[in-house]
Participant: 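Here it is: the structure, laid out below.
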Amino acid sequence: MIAILDYGSGNLRSAQRAFETSGKEVLITSDYETALNAEGLVVPGVGAFAACMQGLLKVRGDQIVRERFAAKRPTLGICVGMQILFARGIEHGEHAGVGMWGATVEKLNAPILPHMGWNTVRPAAGSTLFAGVEDQSFYFVHSFAAKESVGVMSTLAHHGEDFIAAIEDGALSATQFHPEKSSDAGLHVIKNWTQTL
């Protein structure tokens with residue numbers, strides 16, 4: 001069973017439908033034990049870093065992510081759900097994140113913000129998430145991003161400057177783009193992730 005963490009942020013129904021294409025049972029939940037013990041956990045996120053982090057703390061999502069990582073249980077962060085896994089974000093002031101990775105989420109240095117629409121990515125060699133979709137485009141909506149490579153492998157994209165489009169770090173993975181809005185390529189990434197469960 002895949003749990004989609006409901007902490008007041010994210011396109012929950014859209015994510016649920018997309019992850020159901022994997023053939024797995026998908027449950028939207030804010031229950032601590034359910035999220036902790038699910039076969040896979042998805043941490044979505046839409047909006048500002050601080051608001052998402054505040055919502056995550058209310059359901060003890062930070063603890064869930066840390067405990068799942070320690071137990072090697074797969075977790076996938078999406079969009080701001082990826083950003084809040086970092087040490088800090090500077091959107092509307094500096095705010096602490098979950099701290100799974102020690103970098104800062106910063107404003108993109110680009111002529112047009114937000115970065116909204118389809119963009120290609122440059123997958124890391126040996127990527128599991130992008131196996132079979134290395135040359136595809138994905139749907140992004142964001143003005144802030146991590147720029148420092150972290151984890152076991154980082155996939156890059158470019159909008160004004162290079163930024164981190166995805167991270168694979170053992171049981172913890174994340175995408176800055178929305179796989180649930182990225183058509184067949186996004187569903188392929190979701191399928192690749194669910195095959196690691």
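All of these numbers come straight from a predicted model, not from anything done at the bench. Sequential numbering from 1 along the given sequence is applied to the chain's residues.
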Participant: Which residues pass the side-chain contact (heavy atoms from CB on, under 4.5 Å) test with Glu25, not counting sequence neighbours?
Facilitator: Met1
Participant: Using only heavy-atom distances, determine whether the side chains of Gln83 and Gln176 contain a donor-acceptor pair under 3.5 Å.
Facilitator: yes
Participant: Between Ala3 and Ala38, what is the shortest heavy-atom contact and its length?
Facilitator: CB-CB, 3.6 Å
Participant: Is Val105 reachable from Val150 through a run of hydrophobic residues whose side-chain heavy atoms are each under 4.5 Å from the next?
Facilitator: yes
Participant: Apply ring-ring contact (aromatic ring centres under 6.0 Å, His included) to Tyr139 and list each qualifying residue two or more places apart in sequence or on a separate chain.
Facilitator: Trp118
Participant: Excluding sequence neighbours, so at least two apart, what forms salt bridge (Lys or Arg N to Asp or Glu O under 4.0 Å) with Glu134?
Facilitator: none
Participant: Closest approach of Leu5 and Gly61, non-hydrogen atoms and distance?
Facilitator: CD2-CA, 4.1 Å
Participant: When rounded to the nearest 0.5 angstrom, what distance separates CD1 in Ile84 from SG in Cys79?
Facilitator: 10.5 Å
Participant: Are Lys24 and Glu39 close enough for a salt bridge, meaning some N to O gap below 4.0 Å?
Facilitator: yes
Participant: Check Asn11 against His178 and note the closest heavy-atom contact, atom names and distance.
Facilitator: ND2-CE1, 4.2 Å
Participant: For Glu148, check side-chain contact (heavy atoms from CB on, under 4.5 Å) against everything at least two apart and list the hits.
Facilitator: Ala103
Participant: Please give the remaining members of the hydrophobic cluster of Ile2, linking ILVMFWY side chains under 4.5 Å, ordered by chain and number.
Facilitator: Ile4, Leu12, Phe19, Val26, Ile28, Val42, Leu76, Ile78, Leu108, Leu113, Val121, Leu129, Phe130, Val133, Phe138, Phe140, Phe163, Phe177, Leu187, Val189, Ile190, Trp193, Leu197
Participant: Rounded to the nearest 0.5 Å, what separates atom CH2 in Trp101 from atom OG in Ser149?
Facilitator: 12.0 Å
Participant: Please tell me whether Val46 and Leu41 are part of a single hydrophobic cluster in this structure, the criterion being side-chain heavy atoms less than 4.5 Å apart.
Facilitator: no
Participant: What closest approach, in Å, do Thr155 and Ala124 show between heavy atoms, and which atom pair accounts for it?
Facilitator: OG1-N, 3.3 Å
Participant: If you count the non-hydrogen atoms of other residues, nucleotides and ligands that lie under 6.0 Å from CD1 in Ile90, is the total more than 12?
Facilitator: yes
Participant: Treating Ile, Leu, Val, Met, Phe, Trp and Tyr as nodes and any side-chain heavy-atom pair under 4.5 angstrom as an edge, say whether Met82 and Phe69 lie in one connected cluster.
Facilitator: yes
Participant: Going by the rule salt bridge (Lys or Arg N to Asp or Glu O under 4.0 Å), which residues pair with Arg122 if we only count those two or more places apart in sequence or in a different chain?
Facilitator: Asp162
Participant: Using the test side-chain hydrogen bond (donor to acceptor under 3.5 Å, both in side chains), find all partners of Arg13 that sit at least two apart in sequence or belong to another chain.
Facilitator: Gln16
Participant: Name all residues meeting the salt bridge (Lys or Arg N to Asp or Glu O under 4.0 Å) criterion together with Lys58; count only those two or more places apart in sequence or in a different chain, and write none if there are none.
Facilitator: none
Participant: Report the residues that fulfil side-chain contact (heavy atoms from CB on, under 4.5 Å) with Asn192, sequence neighbours left out, ordered by chain and then residue number.
Facilitator: Ala131, His188, Gln195
Participant: State, yes or no, whether a side-chain contact exists between Glu180 and Arg17 at a heavy-atom distance under 4.5 Å.
Facilitator: no
Participant: With a cut-off of 3.5 Å and sequence neighbours excluded, list every side-chain donor-acceptor pair involving residues 49-57.
Facilitator:
none

Participant: Minimum heavy-atom separation for Pro74 to Lys72, with atom names?
Facilitator: CD-O, 3.8 Å
Participant: Considering all heavy atoms of both residues, which atom of Arg60 and which atom of Tyr32 are nearest to each other, and what is their separation?
Facilitator: NH2-CG, 3.3 Å
Participant: Can you see whether Thr120 engages Gln136 through a side-chain donor-acceptor pair at a distance of less than 3.5 angstrom?
Facilitator: no
Participant: So if you build clusters from Ile, Leu, Val, Met, Phe, Trp, Tyr with side-chain heavy-atom gaps below 4.5 Å, do Val59 and Val98 land together?
Facilitator: yes
Participant: Suppose we screen for side-chain contact (heavy atoms from CB on, under 4.5 Å). Which residues come up paired with Asp31, at least two apart in sequence or across chains?
Facilitator: Thr29, Glu33, Thr34
Participant: So, are Glu161 and Lys147 salt-bridged, with charged N and O less than 4.0 Å apart?
Facilitator: yes
Participant: Using modelled atom types only, decide if a donor and an acceptor are shared between the side chain of Thr194 and the backbone of Lys191 within a distance under 3.5 Å.
Facilitator: yes
Participant: What's the spacing between Met153 CE and Ser127 OG if we round to 0.5 Å?
Facilitator: 6.0 Å
Participant: Restricting to salt bridge (Lys or Arg N to Asp or Glu O under 4.0 Å), what partner residues turn up for Asp169, sequence neighbours left out?
Facilitator: none
Participant: Nearest 0.5 angstrom please: Ser143 OG to Met116 CE, how far?
Facilitator: 8.0 Å
Participant: At what distance, to the nearest 0.5 angstrom, does CZ of Arg68 lie from CG of Leu36?
Facilitator: 7.0 Å
Participant: Working to the nearest 0.5 Å, report the span between NE2 of His115 and CZ of Phe144.
Facilitator: 15.0 Å
